[in-house]
Amino acid sequence: MGNRVAIVGAGMTKFVRRAQETGKELSFNAARMALDSCGLHLDQIEMVCLGTAPDTFDGVHMKGEYLSDGAGAFGKPYMRSFVGGGTGVFAVAQGWYHVASGLCDLCLVVCEEKMSTFQPHAQAAFLTIFDHITERPLKPNLLWIFALEMNRYMTTYGLRKEDIARVAVKNKNNALDHPAAQLAQAVTIEDILQSEVLAWPVQRLDVSPVSDGAVAVVLASESVARRVTNKPVWIEGVGWNLDTAYWTNRDLCYPRYVEEAARMAYKMAGITDPRHQIHIAEPYDPFDYKELHHMEGLMLCGRGEAPQMTLDGITSRDGELPICPSGGLLGVGNPISAAGLMKIAELFWQLRGEAGKRQVSRKVKRGVAQAWGDLMQVGTVVVLGI
Amino acid sequence: MTERVAIIGIGATQFRSISPDVSYKELMFEAATKACEDAGVNPRRDVDTFITCSEDYNEGTSITDEYVPDQLGAAMKPVQTITGEGLHGIAAAFMMLRTGSFGIAMVEAFSKASNVLTPDGILACAQDPVYVRPLEVNSLFIAGLEMNLFLHESGVTPADCARVAIRNRAAALKNPLAAWPARLDLEDFAHAEPVAFPLTALDIARPADGAVVVILATESRARSIGRKPVWVEGIGWCNGSPNLETRDWATPHYVTTAADMAYRMAGVTDPGNAFDFCEIDDTYTYKELQHAAALGLGCRCSGRPVINPSGGALGMGHLHEATGLARLYWAVKQLRREAGDLQLDKADRCLVQAWRGVPTESTVCTVLAA
């Protein structure tokens, strides 16, 4: 797979409900921290990639152009990629091909989201993601369609709400150790089950929050990475996959597009037995059931087996296969694209043994991060290793 | 050693002022079908990665990415949206193919500009929401300001700018896809509707609907397919300042930087004599002249290189993010000697450049060769 590419630095802002900073400032702060973390200057960065989700959040047309100078792209080759909620992990795949192509040695990847600009609540922005003829007149919102998907998943495998709520408990508690977390909470299954019903079976504490924030990572070619750090984290595989726009026509109990994306990344990474060759994972968890869904799509367990793995404690931070040790979107927060890149940053810190109180107990050498988006339609996967 | 990258297939719809008979999906389908036919590839079987270029506000849909896979043959395949010019998509494909992990890439961009009821309002939303938007400055006014400065600094006259439109729209008369061909003269400009002095209505590329799809491949895949390749010898892209208040209005440094990157890759040392023809952004007449200078093409009195033989955006229409791809489409036709009435006698190497419009300083340049 071309030239080897490593992540050599990472930085993130605190995820909050309503940031005082503009989107440009959030991008700048994250980029600055990522560069500082590896002792590089912006002048040394040759190319910049940006990830950010719909322009409707900020109310800015060509949001990538607007954010460009904040992200450090002034006078540089700069490109924004966009695959809905999958953007944050995809941006690393994009940065990977920038460096692996041989066109540059150092590429800065920045993901920013400012959802609070949308008043009164960013949820209304999502009405515009639906088909303007067949769906928008029905005024659907994300909570409804994910309630459909969650219901389908529960029905297919005979699951109870508590089987799923356990994920929210794990992640929100994990986030207590994350200094940048927005929604860290010492919650119990009871708390989740008693929270307000939004669209059955989705309850308030099953859902990640609306957030502002930014994350950045620095990618380097092999020769430069070895000069910059003695602990490069290699991008071993990248994969992404987009299913049909006709989401109503697929069986929502299993994310086949995630499996296809994972297969692409695993093939590149030479992984044949993901359950044993992957030691830590950050699957996308905007809803608690999605973590389970995505563990299955990533083939970290069989179909319908993820709830049992969670119950058995295998996915806890000191378990055999830690899942979302960061606290995930449910705990750290969900500034869409930045949340995806936060997962990559978490793996970077975990694999380097720099995750502080969040450091998983087993020795980890290879991890997978995944994000998901569009109309329950796109999977993006990155495999990292040391 | 990384492989060379070739363009092996192109497809485009007719560019039209309105297209009420087809949806944007049908436009894309037509262009994709033609491109696959041209390249001799099956998208379901052969294409490894798909890139679509679009901006949500122009499509009236958030995450336009959602609605692209089916009509391209890309469902359950790696698809990404680059919110940039179609030529940014070409740059992304170029990089992916060079990694060695992909053999064939498809790049798509389209415009359904006739669906956009309030283009001025959308462009206003591209301005900085804190510092600029409250001033309620129309984008065309910004272009007028820049044109005024350009004329002042360069000594170019409004008549020189008018001649750009006269030439490009006349060239488009021979372009079977063009939306806005016309035979104009300086007299028409004397009576043209003033928009933002010195910019007139005839200085502005008018919007059009259409779609363009381009298929690229690594050298080995291109050779195995057997289609005559057009080589991407170099590509460069660059962002200047997005802020009106901090940019250098007199000189488009971002164009020079992007061109330098492309020239370096292609081994071009004397751009004034390196190309048989150039397809340069002409969203506004003065932009063609400004960009030609920034690209190092020197004095155009000699007629070499030929500029915008396709008719440019002034003649073919402004196609949102497909504007650059429409130019690339005709550049490939020229290099393959398939340009029909537009065919130049000598067409072995060319430059294609695109700019993303006010208020951006975002540009892409690519050097292509037969």
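Values below: every heavy atom of this structure, side chains too, minus hydrogens, waters and symmetry copies. Remember, predicted model here, so these are calculated numbers, not experimental data. Per chain, numbering begins at 1; letters A, B, ... match sequence-line order.
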(request) Would you check if A/K24 and B/N243 make a side-chain contact, meaning some heavy-atom pair closer than 4.5 Å? (result)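 A/K24 vs B/N243: side chains touch.
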(message) Quick check: under 4.5 Å, non-hydrogen atoms only, which of residues 107-118 of chain A neighbour chain B?
(response)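 Under the 4.5 Å heavy-atom cut-off, nothing qualifies.
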(request) Check the surroundings of atom CD in B/E136: do more than 12 heavy atoms from other residues, nucleotides or ligands lie under 6.0 Å from it? (result)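 No, CD of B/E136 has 12 or fewer neighbouring heavy atoms, counting only those of other groups under 6.0 Å.
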(message) Just so I understand: if I count every heavy-atom pair under 4.5 Å between each of A/A53, A/G86, A/G379, A/G59 and chain B, which residue has the most?
(response)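 Max contact count across the listed options: A/G59.
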(message) Heavy-atom pairs under 4.5 Å with chain B: which of A/Y257, A/Y66, A/F126, A/F130 has the most?
(response)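 Max contact count across the listed options: A/Y66.
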Heavy-atom distances under 4.5 Å only: say whether [X] touches chain B with side chain, backbone, both or neither.
| X | answer |
| --- | --- |
| A/H132 | side chain |
| A/D131 | both |
| A/R256 | both |
| A/A261 | neither |

(message) According to salt bridge (charged side-chain N to carboxylate O under 4.0 Å, His left out), does anything in residues 232-254 of chain B pair up with another residue at least two apart or in another chain? List the pairs.
(response)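 Qualifying pairs, neighbours excluded: B/E233-B/R349, B/R247-B/E361.
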Which distance, rounded to the nearest 0.5 Å, do you find between the [atom1] of [X] and the [atom2] of [Y]?
| X | Y | atom1 | atom2 | answer |
| --- | --- | --- | --- | --- |
| B/R98 | A/N3 | CZ | CG | 8.5 Å |
| B/S101 | A/M264 | OG | CE | 7.5 Å |
| B/E321 | A/M62 | CD | CE | 7.5 Å |
| A/L103 | B/F94 | CG | CZ | 6.0 Å |
| A/F90 | B/Q80 | CZ | CD | 3.5 Å |
| A/I129 | B/D56 | CD1 | CG | 10.5 Å |

Could you check which of [options] has the highest count of heavy-atom pairs closer than 4.5 Å to chain A?
| options | value |
| --- | --- |
| B/T257, B/I122, B/I51 | B/I122 |
| B/I63, B/V130, B/T49 | B/I63 |
| B/E66, B/H253, B/M95 | B/E66 |
| B/A74, B/S241, B/G236, B/A92 | B/A92 |
| B/A124, B/C53, B/P129, B/S54 | B/P129 |

(message) Quick check: closest heavy atoms across B/G240 and A/S68, and the distance to 0.1 Å?
(response)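 Minimum heavy-atom contact is O-OG, 4.4 Å.
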(request) Can you see which heavy atom on A/S101 is nearest to which on B/T99, and at what distance? (result)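 Looking at all heavy atoms of both residues, the closest pair is N-CG2, 3.8 Å.
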(request) Below 4.5 Å from any heavy atom of chain A, which atoms of B/F102 appear? Answer side chain, backbone, both or neither. (result)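 The side chain, not the backbone.
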(message) Can you tell me which portion of B/R356 sits under 4.5 Å from chain A's heavy atoms? Options are side chain, backbone, both or neither.
(response)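 Answer is both: backbone and side chain atoms of B/R356 are under 4.5 Å from chain A.
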(message) I need the single residue from A/E65, A/M79, A/R80, A/K76 that forms a side-chain contact (heavy atoms from CB on, under 4.5 Å) with B/N239. Which is it?
(response)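 With B/N239 as partner, A/E65, A/M79, A/R80, A/K76 yield a single side-chain contact (heavy atoms from CB on, under 4.5 Å), made by A/E65.
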(request) Name, in order of residue number, those residues of residues 81-91 of chain B that have a heavy atom at a distance of less than 4.5 Å from a heavy atom in chain A; otherwise write 'none'. (result)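 B/T81, B/I82, B/T83, B/H88, B/A91, listed by number.
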(message) Suppose the criterion is side-chain hydrogen bond (donor to acceptor under 3.5 Å, both in side chains): which pairs have a residue in residues 67-76 of chain B, not counting sequence neighbours?
(response)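 Applying side-chain hydrogen bond (donor to acceptor under 3.5 Å, both in side chains) to every pair that reaches into residues 67-76 of chain B, excluding sequence neighbours, yields A/T244-B/D70.
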(request) Check the pair B/T64, A/F82 against side-chain contact (heavy atoms from CB on, under 4.5 Å), reporting the backbone distance first and the verdict last. (result) CA-CA 9 Å; B/T64 317; A/F82 183 29; 5.9 Å; no
